[in-house]
Structure formats: C-alpha cells, structure tokens
Amino acid sequence: MREDEYGRRSRNVFIALWIGATAIKCALAARLPLFVDEAFYWQEGRHLAAAYSDLPGLTAWLTRIGVETGGQHAWALRWPFLAMAALLPWCIGKIAAREFGEARGWQAASLAVLLPLAGTLGVLALPDVPLALASVVCLDAGARLLRGVDAGTALQLALGLAIGALSHYRFAAVVGIGALALLWLPEGRRAMRDARVWVALTLGALAWWPLVAWNVDNADAGLRFQLVDRHPWALHWDGLWFIAIQLLLATPLLFVAMAIAARRGLRDASPAVRYFAFCGAASVMGFFGLGFFADDERVSFHWPLSGYLALLPLTPAVLAAWPRFWRRAAWTLLIVGLALGLSYYAAVSLPALRAHAAAEKWYPANFAGWDEVRDAVRRRLKAMPPGTRVVADNFKLGAELGFAGNHPDFDSRP
C-alpha cells in the first residue's frame with residue numbers, strides 16, 4: 001500500500017472512530033445523572049473564586065460556563081469538558097504526525113480515542129479533563145522546544161502550564177517530569193537557556209498563585225490533604241494491584257506495546273523520541289512506586305493517564321512491527337475496553353437498573369437518589385412553616401440538593 005493511501009486510510013479510520021465515540025459520549029452526558037463531585041463543582045462555580053478548598057478554580061469555572069450558556073441541566077454543565085476531551089485526540093495526532101509522519105499521526109490519534117482512560121473523558125465534568133489537555137499541550141511544546149525556541153512555542157508552553165496549574169494539584173508531577181526530561185537532553189538544556197522559555201515558566205508559575213494564596217489563608221488545608229492527610233506514607237503492598245488494574249484499563253496488549261515503546265524510546269537517537277519515552281515512563285513508573293506508600297482507599301487508577309498520553313505517539317511504530325493477528329487483537333481489545341467503559345455509564349443512566357441494584361453492593365450511589373431526595377425534601381417542607389431552613393448532613397448531599405433545586409446557597413454542615 002502506498003504511503004499516501006495508507007495515510008488516507010488511517011485518517012478515515014480515525015475520523016469514524018472519533019465521530020462515533022464523541023456522539024456516544026454526548027448522548028451519555030445528556031442522560032447520565034450528575035456524579036456527586038460534579039454537583040460540588042457546580043456549587044463552587046455558583047460562588048466564583050480564584051481557588052477552592054479541594055481544587056484550583058478552572059473546573060468550577062468551566063461548570064459555570066456550561067450552565068450559563070446551556071441551562072440548568074447535566075449536559076450543559078458537562079459540555080466544556082466534552083469539548084476539551086474531543087480536542088485531545090487531535091492534539092495527540094498532531095504531535096505524532098509532526099514527528100513520525102501523517103499515517104502514524106492518525107494512528108496515534110485513534111489510540112487516544114480508544115484508550116479507555118482517555119476515551120471516557122468528558123462524560124463527567126471532572127478536573128482530569130483539563131489536566132489531560134494541559135499535559136498534552138505542554139508535551140507538544142516541550143517537543144517543539146527541542147527543535148528550537150520561538151515565541152509561539154514559548155506562548156504555548158505558558159498556556160499549557162497555566163491550564164494545568166488551574167486544574168489540579170497533580171499537575172505539579174507533570175511539570176516536574178517535563179522539566180527533568182528537558183534537562184536530561186542536550187537539546188532541552190539548550191532550550192532552557194533561552195529567556196523566552198523562562199518567561200513562559202514564570203507565567204506558568206504565577207498561575208499557581210491563587211492556590212498558594214488560598215492555602216496561606218487556610219492553614220495549608222488543601223496541601224495538607226493532598227500531601228499528608230490522605231496518605232499513610234507507610235509501605236503497603238496494595239501497590240501491586242497497580243499492574244493488574246492498569247493492564248485492564250489500558251488494555252493488556254496496548255499496555256505491553258507502550259512499555260516496549262518506552263524501553264526502546266529511551267535509547268533512541270531522536271531527542272523527541274527520548275523525550276516522549278522519558279515523560280511517559282517516568283510518569284507511569286512514578287505513580288506505580290507512589291502506590292506502595294500513598295492513599296489506597298480513594299480512586300487513583302486514572303493518575304497515570306498523562307504518562308500514557310506521552311507514549312501514544314511512539315506506540316503505532318511498535319504495533320506496526322507486530323504480526324497481523326496481534327495487531328488486530330490489540331485494536332480489538334481497545335474497542336472492547338472503551339465499549340465496556342462507556343457501557344458502565346450507559347447502565348448507570350438507566351433508572352430501572354439503578355432501582356434494581358439498590359440493594360446490591362455495586363449500587364451506583366454517587367449517581368443515584370437525586371430525584372427521590374429532592375421530592376422527599378419538598379414533601380416535608382410543605383408540612384413545615386414558611387422559611388424553614390434545610391440543612392444537609394454532608395457537603396455531597398447539600399450540593400446534590402442545591403443542583404436539583406438550582407439553589408447554590410444550600411447549607412451543608414457536619
């Protein structure tokens with residue numbers, strides 16, 4: 001097959017996958033009840049601030065943009081996150097095409113559509129969406145810096161650093177790994193001596209100021225939770241589950257292909273390849289090591305996503321060298337993995353299934369019960385004197401009732 005025909009075929013496959021996955025996610029976002037964290041971000045967004053107790057400001061700001069432009073319902077709240085998630089595969093494709101050619105670019109973009117951790121982004125209004133986009137913007141800027149510094153690349157780096165700093169505390173790991181990757185490479189060290197890069201880094205650092213100021217005003221409560229309170233900082237062997245969980249979430253064959261891409265890439269002659277391999281491997285292995293000492297009670301399976309995104313541009317070359325059976329098996333498992341992830345959301349969106357699961361341990365409590373609680377509160381209030389104040393016993397319930405009644409000042413007290 002000629003190179004141009006191969007590129008067109010890869011492009012057509014990507015576009016079909018992207019349109020199909022995006023359409024399904026939009027449909028799910030319209031039907032799926034709000035996840036409890038989304039309701040809390042909505043409540044924060046109704047009280048705009050530079051930073052909040054749990055996160056920097058961007059997630060709350062995006063939810064506010066969503067409901068202000070689309071109305072008081074779940075799809076409107078989620079549409080900015082859907083748009084960001086839809087942009088992500090195009091960014092990955094652009095990076096891979098510049099470094100490895102058009103066909104490899106479209107294939108890497110298809111991998112970004114199908115990788116379950118990336119392919120399900122946007123269905124929920126969560127900070128992982130802008131965090132992932134910021135990581136890719138900075139990854140692209142870093143690769144471009146290896147070729148030479150210009151004002152446009154420096155501006156892109158500043159933009160990515162600012163988006164990430166306004167997204168999540170966890171973006172600090174992306175910044176640290178990216179800096180180490182550039183310092184490791186001679187081309188990176190040369191770029192770091194350019195004043196324009198330091199201007200970009202300064203602008204990115206300033207984007208952390210709202211979060212720093214909030215912590216200074218609140219006895220470092222946010223930092224203490226993220227770095228101290230939620231982590232035992234003692235060795236536990238639950239970190240071994242990381243391998244099994246990531247094999248499932250990345251799909252086994254793609255996980256193996258990315259591992260091979262990282263190992264080969266670290267010894268490659270191309271600075272860009274070594275850069276991608278270092279960013280990806282350091283992120284994934286760093287979170288693997290952290291899993292033996294950090295919080296094992298809350299959800300953390302999505303933490304390595306930035307590392308996987310860095311490895312995706314390298315992975316099509318690995319898959320191309322595999323026998324046809326294994327290549328097809330890898331793509332098939334990706335499609336099945338994404339389908340299962342989206343099917344979970346589809347199942348949770350069905351009231352009948354939630355009712356059937358009410359007595360089961362896998363009952364999706366964080367998605368369910370909104371209408372019932374709202375209706376029960378309304379019935380009780382009708383029998384009470386005017387002006388009766390409703391107080392929820394936790395912030396999650398307060399946020400849910402607030403969204404259900406479009407009442408952002410709903411009280412929640414322990």
Side-chain angles (χ1 to χ4, degrees), residues 1-29 82-123 129 132-133 135-136 139-140 143 247-262 264-265 272-273 276 280 305 308-343 345-346:
M1 186 182 296
R2 298 199 316 271
E3 183 66 26
D4 57 346
E5 183 180 350
Y6 188 47
R8 284 196 299 271
R9 180 180 175 184
S10 299
R11 178 195 62 195
N12 293 339
V13 169
F14 162 71
I15 291 175
L17 290 172
W18 181 82
I19 291 174
T22 303
I24 292 171
K25 290 198 292 185
C26 287
L28 289 173
L82 286 165
M84 283 186 167
L87 182 62
L88 197 62
W90 292 91
C91 294
I92 293 292
K94 176 187 173 184
I95 295 171
R98 184 186 63 235
E99 303 294 340
F100 310 114
E102 180 185 3
R104 292 286 187 262
W106 293 119
Q107 291 164 11
S110 294
L111 292 175
V113 171
L114 295 176
L115 177 67
L117 280 176
T120 53
L121 284 178
V123 176
V129 182
L133 183 61
S135 300
V136 172
L139 181 77
D140 184 31
L247 278 170
L248 291 176
L249 292 176
T251 68
L253 291 179
L254 181 65
F255 187 88
V256 171
M258 289 190 291
I260 293 172
R264 293 177 180 173
V273 172
F276 294 139
L305 176 58
Y308 294 148
L309 293 174
L311 294 174
L312 288 184
L314 307 179
T315 306
V318 174
L319 293 175
W322 286 5
R324 175 181 291 185
F325 171 82
W326 291 108
R327 283 201 311 273
R328 290 185 172 179
W331 287 101
T332 300
L333 283 175
L334 275 171
I335 294 171
V336 171
L338 179 61
L340 289 174
L342 295 176
S343 295
Y345 289 130

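Note that these values count all heavy atoms, side chains included, but never hydrogens, waters or copies made by symmetry.
In this structure, the side chains of Val336 and Thr251 stay at 4.5 Å or more apart for every pair of heavy atoms. In this structure, the side chains of Pro89 and Phe14 come closer than 4.5 Å at one or more pairs of heavy atoms. Side-chain contact check for Arg264 versus Val273: every heavy-atom pair is 4.5 Å or farther apart. Put simply, the side chain of Leu253 reaches to within 4.5 Å of the side chain of Trp326, judged on heavy atoms. The side-chain heavy atoms of Pro116 and Leu340, taken from C-beta on, include no pair separated by under 4.5 Å. Side-chain contact between Trp331 and Leu111 is present, with heavy atoms from C-beta onward closer than 4.5 Å. Contact of the Val129 side chain with the Leu133 side chain is not registered, since no non-hydrogen atoms from C-beta on lie closer than 4.5 Å.
Pro316 and Ala108 make their closest contact through CG-N, 3.7 Å (heavy atoms, listed as atom of the first residue, atom of the second, distance). For the residue pair Val136 and Cys91, the shortest heavy atom distance occurs at CG1-CB, 3.6 Å. Heavy-atom minimum distance, Ala118 versus Ala112: CB-O, 3.5 Å. The shortest heavy-atom contact between Leu28 and Ala346 is CD2-CA, 3.5 Å. Scanning both residues, Ala250 and Phe255, for their nearest heavy atoms gives CB-CD1, 4.1 Å. Scanning both residues, Ala109 and Ile92, for their nearest heavy atoms gives N-CG2, 4.4 Å.
For the atom pair Leu311 CG and Leu139 CG, the distance stands at 9.5 Å (nearest 0.5 Å). Atom-to-atom distance recorded for Thr315:OG1 and Phe276:CZ is 11.5 Å, nearest 0.5 angstrom. Within the model, atoms CD of Gln107 and CD of Glu102 stand 10.5 Å from one another, a figure rounded to the nearest 0.5 Å. The CG atom of Leu248 lies 10.5 Å from the CG atom of Leu333; values are rounded to the nearest 0.5 Å. Atom CD1 of Ile15 is separated from atom CH2 of Trp90 by 5.0 Å, given to the nearest 0.5 angstrom. Rounding to the nearest 0.5 angstrom, the gap separating the CE atom in Met258 from the CG atom in Leu314 is 11.0 Å.
Residues passing the side chain to side chain contact (heavy atoms under 4.5 Å, CB included) test with Ile335 are Leu114, sequence neighbours excluded.
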_Run the side chain to side chain contact (heavy atoms under 4.5 Å, CB included) test on Tyr308 and Leu249 for me, step by step, so that the C-alpha distance in whole Å, both residues' side-chain angles and the decisive distance to 0.1 Å come before the verdict._
CA-CA 11 Å; Tyr308 294 148; Leu249 292 176; over 6 Å; no
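Between the side chain of Lys25 and the backbone N or O of Gly119, at least one donor-acceptor pair lies under 3.5 Å. Distance alone, capped at 3.5 Å, places no donor-acceptor pair between the Arg104 side chain and the Ala96 backbone.
A side chain to side chain contact (heavy atoms under 4.5 Å, CB included) with Leu17 is found for one member of Val113, Leu334, Thr22 and no other, namely Val113.
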